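Worksheet for the structure shown next.
Computed from a predicted structure; not experimentally measured.
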Amino acid sequence: MSTTEVFGGEACTRNSDRTRALVLGPYLTDRAATYADGAKPLRAPEARLDEAEGLALAIDVELVGRELVLLSQIRPATYIGKGKVEEIAALAKEREAELVVVDCALSPVQQRNLEKAFSAKVIDRTGLILEIFGERARTREGALQVELAHLAYQKSRLVRSWTHLERQRGGFGFLGGPGETQIETDRRLIQERMTRIERDLDQVKRTRGLHRKSRRDVPFPIVALVGYTNAGKSSLFNRLTNADVFAKDLLFATLDPTLRGLKLPHGGRIILSDTVGFISDLPHMLVSAFRATLEEVLEADVILHVRDISHEDAEAQGADVEKILGELGIDSHDPRLIEVWNKTDLLPPEERDRLRETAARKPRDERPCAVSALTGDGIDILLDGIEARLGAGRALLEIRLDAADGEGQAWLYAHTEVLKRQAMDDGAAFQVRVAPDARARIERRFPQRLRDLN
């Protein structure tokens with residue numbers, strides 16, 4: 001069954017089987033939101049509300065309205081003022097909203113009070129992101145990570161709001177002391193489940209560690225993609241590797257990490273890793289839960305920070321990613337980082353030219369790569385940049401082997417990155433690239449047949 005209504009000045013068909021949602025953006029004014037260091041928020045309130053709307057649409061709700069609320073201060077009981085609460089309650093009733101998405105972090109008391117006032121389910125930004133992650137996780141590891149984060153969130157939401165939380169008496173008759181409250185039972189059960197999941201994730205972490213060790217033994221460098229959600233990481237991954245990873249103009253379209261091999265222009269091979277997207281105010285519990293996955297980034301030889309350079313909040317999104325990377329121990333000046341300015345196809349030609357000129361003026365080791373994952377524009381420059389960054393910290397050697405030395409040739413392919421093989425009368429010359437910590441082993445293995453090309 002469907003009905004036609006007018007929302008935002010346009011007639012649209014509504015499906016009655018989808019949850020009707022109202023998105024609320026309660027943001028402090030610039031004066032009230034000035035940070036301790038005197039800096040102002042990077043995002044405009046309208047842009048923040050647009051992102052909140054995108055997050056809500058990512059769980060396939062039927063959007064029936066959005067409301068921007070500018071606050072001079074945060075109210076302890078309801079986050080927003082009493083008059084605005086009444087106004088939004090009337091709007092929710094008029095639009096028959098079953099869900100109100102509030103784009104901020106609500107305390108359990110604030111959430112409960114707003115639910116009573118709106119007569120609708122209320123979720124805050126953290127709850128919404130957890131809901132998206134819960135829908136998108138496909139692998140067992142992803143499901144465990146999301147469940148752990150969700151339980152941590154649930155644990156903080158346990159409040160005395162129902163009769164089943166009244167204190168029960170233990171023992172028999174008048175001799176029994178006070179028993180465990182229902183809220184304590186719930187908290188204990190949640191903690192036990194969290195402990196079991198953490199144990200399972202520790203096993204995942206050990207398994208990932210073994211996989212990383214085996215990849216280090218097979219000397220293919222790791223190149224990890226990071227970036228704000230919907231910056232085009234999966235589209236770039238597909239463009240580089242000819243893979244078919246799900247990519248869509250949707251916040252958090254993919255969650256589970258994907259790895260593929262990729263051959264660089266001059267013959268070297270790398271492993272490309274696509275990771276979960278970041279977002280502003282990403283719940284700390286999610287950063288903790290996904291640490292096992294994000295360790296792929298920590299171990300990477302090159303990190304591509306993919307940015308949607310066409311987005312109006314590109315600078316703010318970049319700052320958010322740098323903040324989360326900083327929490328992982330990767331600062332913005334890490335020599336492994338390459339900025340990738342994606343979605344240049346969405347810019348006017350003159351803006352694209354200006355962007356390339358800006359990139360060209362930066363120092364070579366800090367120069368961004370302007371690309372379009374959709375059209376392939378700039379991909380060759382990006383691959384050259386990856387090769388240059390990988391070669392900067394690695395030794396380039398030539399090793400000559402006899403034609404009969406099949407064991408030596410196999411060893412080179414197994415333990416070094418073979419860039420070139422040139423046939424000779426008495427055998428072959430191999431041009432290889434090795435990590436600094438592997439050079440000593442190469443010199444011991446081929447002491448008389450090695451030449452430094454750096």
Side-chain angles (χ1 to χ4, degrees), residues 209 211-225 240-241 259-273 296-305 329-331 333-340 359-360 362-369 379-454:
H211 289 168
R212 281 194 294 270
K213 183 178 183 302
S214 65
R215 287 200 296 269
R216 282 195 297 269
D217 292 339
V218 179
F220 294 152
I222 307 294
V223 176
L225 296 169
L240 292 171
T241 64
L259 292 91
R260 293 284 189 280
L262 170 64
K263 189 174 182 179
L264 294 175
H266 292 92
R269 291 193 67 84
I270 63 172
I271 295 175
L272 194 65
S273 173
E296 294 288 348
V297 179
L298 295 176
E299 295 287 334
D301 297 276
V302 173
I303 302 168
L304 303 182
H305 175 188
I330 302 169
D331 67 45
H333 300 292
D334 193 301
R336 297 175 295 166
L337 273 172
I338 299 177
E339 271 202 8
V340 182
K362 290 181 177 287
R364 186 172 182 81
D365 57 348
E366 298 177 12
R367 190 171 299 164
C369 295
I379 295 298
D380 291 344
I381 296 173
L382 173 60
L383 290 173
D384 289 340
I386 293 172
E387 278 194 323
R389 195 62 57 93
L390 286 173
R394 292 175 171 245
L396 187 63
L397 307 172
E398 182 185 82
I399 300 169
R400 298 195 173 197
L401 298 181
D402 296 334
D405 191 1
E407 181 184 350
Q409 294 183 33
W411 193 94
L412 282 180
Y413 279 103
H415 296 89
T416 71
E417 185 185 355
V418 178
L419 302 178
K420 184 179 178 183
R421 181 186 185 278
Q422 182 177 356
M424 305 179 68
D425 293 339
D426 56 348
F430 293 84
Q431 192 177 106
V432 302
R433 191 160 53 197
V434 296
D437 57 354
R439 176 165 182 155
R441 187 166 51 160
I442 304 293
E443 291 175 341
R444 287 195 301 269
R445 184 73 171 72
F446 308 100
Q448 307 300 323
R449 293 173 283 178
L450 182 147
R451 185 163 68 97
D452 198 327
L453 298 179
N454 285 328

* Ile338 side, atom CD1; Asp365 side, atom CG - distance, nearest 0.5 Å -> 10.5 Å
* Asked: CZ of Arg336: more than 12 outside heavy atoms within 6.0 angstrom?
  -> yes
* Say you draw a straight line from CZ of Arg400 to CZ of Phe430; how long is it, rounded to the nearest 0.5 Å? -> 12.0 Å
* To do: Report yes if some heavy atom in the side chain of Glu407 is under 4.5 Å from a heavy atom in the side chain of Asp405; otherwise report no.
  => yes
* 4.5 Å side-chain heavy-atom contact, Val340 and Leu225 -> no
* To the nearest 0.5 Å, what is the distance between CG (Asp402) and CD (Gln409)? -> 9.5 Å
* 4.5 Å side-chain heavy-atom contact, Leu419 and Leu396 -> yes
* Give, for atom CZ of Arg421 and atom CD1 of Ile399, the distance between the pair rounded to the nearest 0.5 Å. => 13.5 Å
* Asked: What's the spacing between Leu390 CG and Ile270 CD1 if we round to 0.5 Å?
  -> 6.5 Å
* **Any Leu397 side-chain heavy atom under 4.5 Å of Phe446 side chain** => no
* **Asp452 and Arg439: CA distance, side-chain angles, deciding distance, side-chain contact (heavy atoms from CB on, under 4.5 Å) verdict** => CA-CA 11 Å; Asp452 198 327; Arg439 176 165 182 155; 2.7 Å; yes
* Check the surroundings of atom CD1 in Ile381: do more than 12 heavy atoms from other residues, nucleotides or ligands lie under 6.0 Å from it? => no
* Asked: Between NZ of Lys420 and CZ of Arg433, what distance do you get to the nearest 0.5 Å?
  -> 14.0 Å
* Asked: Looking at side-chain heavy atoms only, is the closest gap between Gln431 and Glu398 below 4.5 Å?
  -> no
